[in-house]
Structure formats: C-alpha cells, structure tokens
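Within every chain, numbering begins at 1; the chains are lettered A, B, ... in the order of the sequence lines, protein sequences first and strands thereafter.
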2 protein chains.
Amino acid sequence: MPATSTRERLVTEAMRLFGEQGYSATSIVQIEAAAGLAPGSGALYHHFKSKQALLDAGIDRQLDRRHAMRDIRALFAGLGDLHAELTMLGRYLLSVLDDESQLLRIAARIPAHQSARLTDARAALFDGLYAELADWITGWAPDLKPETAATLGALGVDALHGRRAAGTAFATPQPGTADEHYLTEWTATLASRIESLRHGDGQ
Amino acid sequence: MPATSTRERLVTEAMRLFGEQGYSATSIVQIEAAAGLAPGSGALYHHFKSKQALLDAGIDRQLDRRHAMRDIRALFAGLGDLHAELTMLGRYLLSVLDDESQLLRIAARIPAHQSARLTDARAALFDGLYAELADWITGWAPDLKPETAATLGALGVDALHGRRAAGTAFATPQPGTADEHYLTEWTATLASRIESLRHGDGQ
DNA sequence: GTCTATACTAAGATAGAC
DNA sequence: GTCTATCTTAGTATAGAC
C-alpha cells in the first residue's frame, strides 16, 4: 500500500471506525488521529465539508468497488450439475456479503432516515442478490411462478445474511470454521426444494 | 393503560426512542419530554443513576416478559402432521422475533462491547430459538446427527430473522402482506429437507 | 495542507428551591 | 418527585499562522 493520499486514508480509516463503533459514536478527532493527522486539528475539513460528506464518500467508494466486481457470476454457470452450481453460488453470495460487511454494519447502526444514500446502497445490494439467486433457480425450474422463485431466492439470501448478521455485530470477520457445514446444509436444503418444484411444476 | 408510574413511562419511552433513533442518538432531554417531564430538568436522574442504567432496566424488563411467555411451544406439539406443525412453529418463531424486535433493533445499533447485558440478551434469544427448531426437527427425524439438526435449525431461524432484519432497520413493524407467502415457502423448503433426511438417515 | 487555537453547540449529570 | 439553573465535558466546525 504505497503512498496513499491523505483523502484516501481518511475515507479508509473513517469507514473502519464507523464499522467498529458506529457513525455517531466516532469523532472527527479519532478519524484524524487514525489517518495520521494531528488529532483536533481541523485538517480533515480541508478534504471534506462535513462528517456526513465523509460518510457519503465512503459509500460511493464501496459502490464503485461493487460495480468493478460485476459479471463474476457467469463464471460458474453451465457446470450442468444443480448441486455443484448451487454450492458455488452460495459461496459467491457469502463472499459478496463479506465484501459488503463493513457497509452493512454501518447501515445497520444508522437510523434509516439519516442517510438515504446508505439505505439505498443497502437495498440495492439485497435486491441484486435476491434477483441473482432467483434467476438461477428459474434457470433450473423454468416453469416456476416468478413469485415463488423470488420468494425462494429471498429465503436463501436471507439465511446467509442472517448467518453473518450475528457476526456482523462484532467487527471481526468471524472464523470460517462452521461456514462449510452451514453452506453444505444450505445447499442441500435449497436443492431439495428446487428438485421437488421441478417435478411438481406450475407451483 | 391507567396510572403508570413515572419510572415505567421513562423505561417505555426510552426503549421506544432507542429503537427508533439508536441509543447514543437519543438524549436524556428527549426521554424526559416523551415521558411528560420537563425537558432539561434532571428529573430522570431521580429514577435512574445514568442513561446506561436506564437501558439496563429496559433490557431487564424485556427479559422478564420473555420469561413470562415461556412454554407456549407445547401448544402445537402433537398435531401429528409435519407440515402443519412446521407452519405453526414458523408463525410462532416470527411472532417471538416481532416481540423482541425493539430489543433486536437496539442491540443491532450498539457496539458489542458497550453493553454486555444487551449482547447476552440477544445471544440467549437466538440460542433459544435455534434450539427450539432443532429440537422439533430431531423429534421428526430422531436418527439425525445432532450437528445436522442444529445447523438446519439455525438456517431456519436465520431465514426468518433475515426476513425481518430488512424491516428492522425501520421502526415500523412492517406490513404482513407478503409474510404468508414467505412463511409458506419457508415451511415447504424445510419440510422437503426434513423429509429427505428421514429416509436417507444417519446423515 | 497541516498546524494551533478557539468558537459554538449539545449532551450527561448535579445542586438546591419548592 | 419535579422543577429551574448550572457545571462539566465532548464534539463539530472555523480562523488564521506557517
């Protein structure tokens, strides 16, 4: 990490501290200190108009990263095996949730009305993940009612998110020990439901 | 609601405001005003030593309520039909999450280290719900490895929690329109998995 | 761009009259 | 137990020297 700009360091440290302590509980002084500036000097304000503007910059940076990661999903289409593809899809969904865990942690702690940008970023993430799983399910059970596929997609993503939400309260990304067990059961459960829907179609 | 004590009103209003705005974003002045005391008077401090003590009292009150609700689960044991029992169990789990939504909302917004009592209350709730679903599953598939039952129990509860977590960011308890669809799919998915585990036992 | 110093505001908590 | 008034601390943000 050679020669990052002060502005960049401020965003990085601010988002880290927001994630650990919450937005309002993190002071400008702390952020300045963490970024290597003199704590208490208003040096931060030469880069950002306000604390809110700093948060907005952090959100935008995360959104940029999110866009840069698009179209990875195509990588594991076409294995031809429902169970194998679903396993990879589950792993992928979990990794996305981990990439976004900082933003999710911050969003979870801020009252919804306080930052529309943050609320929107969170909603867009989940809408995307719901749709991703639902689309994949539809590919394997084309005659499924769109509503059923959407609900099952939401259920699958919600389960993974719920799994992370407990650890999301803490700052540490959580050990992956039991992750594999969970993911195995997740795959088996969804696969079982999808299989039964493929035969009893129209549902 | 006749003649509630000032102390009781303070706890009620404080927990409501903590849930809506977060703990640190809610001021003593606001709480006093909401409870019908003169805003800015230290009148609150005749009932509670500090803001933290007020939160603790709110948590304890919720824990008391939780204990008072125990042993309802026995009500829907013994219908004899897996699908029917699971539907009722799902509805019950959702209702518990709704009863606890205020506390969960508050807990989600407070850094974990700031209130061990709150973190513990949250963990105890989920441990209880995980075990409740896992036990029921074990009743229908006795030969299941305890670990598998536990994982599937966690998955089921996590899915319901994830479903509520989106709405949990907001203060409103969320309309129940799509709840039935979700619960129907939840039941079908878990039932499908349990059925398959009953036959391919030992797993 | 970063520093020292400080203005301004709001919060948690206390003292003492009634 | 509740009030008015106030102490103390901490946070956001700004001004001006370097």
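Atoms CG (L44(A)) and P (dG11(D)) sit 14 Å apart, rounded to a whole Å. Taking atom CD of E32(B) as the reference point, atom C1' of dA5(D) lies 14 Å away to the nearest angstrom.
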Distance-only donor-acceptor pairs under 3.5 Å for side chains of residues 31-40 of chain A, two or more places apart:
from: E32(A); atom 1: OE1; to: G40(A); atom 2: N; distance (Å): 3.0
from: E32(A); atom 1: OE2; to: A43(A); atom 2: N; distance (Å): 3.3
from: E32(A); atom 1: OE2; to: L44(A); atom 2: N; distance (Å): 3.2

Side-chain atoms of residues 22-29 of chain B: list all donor-acceptor pairs with protein atoms under 3.5 Å, sequence neighbours left out, distances to 0.1 Å.
from: Y23(B); atom 1: OH; to: Q52(B); atom 2: N; distance (Å): 3.2
from: S24(B); atom 1: OG; to: S24(A); atom 2: OG; distance (Å): 3.2
from: T26(B); atom 1: OG1; to: L17(B); atom 2: O; distance (Å): 3.3
from: T26(B); atom 1: OG1; to: Q21(B); atom 2: OE1; distance (Å): 3.2
from: T26(B); atom 1: OG1; to: G22(B); atom 2: O; distance (Å): 2.7
from: S27(B); atom 1: OG; to: Q30(B); atom 2: N; distance (Å): 3.1

Could you list the protein-to-nucleotides 1-3 of chain D atom pairs, N/O on both sides, closer than 3.5 Å?
from: dT2(D); atom 1: OP1; to: T6(B); atom 2: OG1; distance (Å): 2.9
from: dT2(D); atom 1: OP2; to: H47(B); atom 2: NE2; distance (Å): 2.7
from: dT2(D); atom 1: O4; to: H46(B); atom 2: NE2; distance (Å): 3.4
from: dC3(D); atom 1: OP1; to: A38(B); atom 2: N; distance (Å): 3.3
from: dC3(D); atom 1: OP2; to: A38(B); atom 2: N; distance (Å): 2.9

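Take R7(A) and apply the side-chain hydrogen bond (donor to acceptor under 3.5 Å, both in side chains) test, not counting sequence neighbours, and it matches no residue. Partners of R91(B) by salt bridge (Lys or Arg N to Asp or Glu O under 4.0 Å), not counting sequence neighbours, listed by chain and number: E180(B). For D81(B), the side-chain contact (heavy atoms from CB on, under 4.5 Å) criterion is met by H83(B), A84(B), not counting sequence neighbours. For the salt bridge (Lys or Arg N to Asp or Glu O under 4.0 Å) test, residues two or more places apart in sequence or in another chain that qualify with R66(A) are E100(A). The side-chain contact (heavy atoms from CB on, under 4.5 Å) test applied to H113(A) returns P111(A), not counting sequence neighbours. Listed by chain and residue number, R198(B) satisfy the salt bridge (Lys or Arg N to Asp or Glu O under 4.0 Å) test with E195(B) (two or more places apart in sequence, or in another chain).
In this model, the phosphate group of dT14(D) is not approached by any side-chain N or O of Y45(A) to a distance below 4.0 Å at OP1 or OP2.
Taking the C1' atoms of five terminal pairs at each end of the helix from dG1(C)-dC18(D) to dC18(C)-dG1(D), the two resulting helix axes are inclined by 0°, rounded to 10°.
With respect to the salt-bridge test (charged N to carboxylate O, under 4.0 angstrom), the residues E13(A) and R9(A) do not qualify.
Residue pairs meeting the salt bridge (charged side-chain N to carboxylate O under 4.0 Å, His left out) criterion with at least one partner in residues 38-62 of chain B, sequence neighbours excluded, are E8(B)-R61(B), D56(B)-R117(B), D60(B)-R117(B).
Listed in residue order, the members of residues 48-62 of chain A having a heavy atom less than 4.0 Å from DNA chain D are S50(A), K51(A).
Among the atoms of the strands shown, none is found under 4.0 Å from any heavy atom of S5(B).
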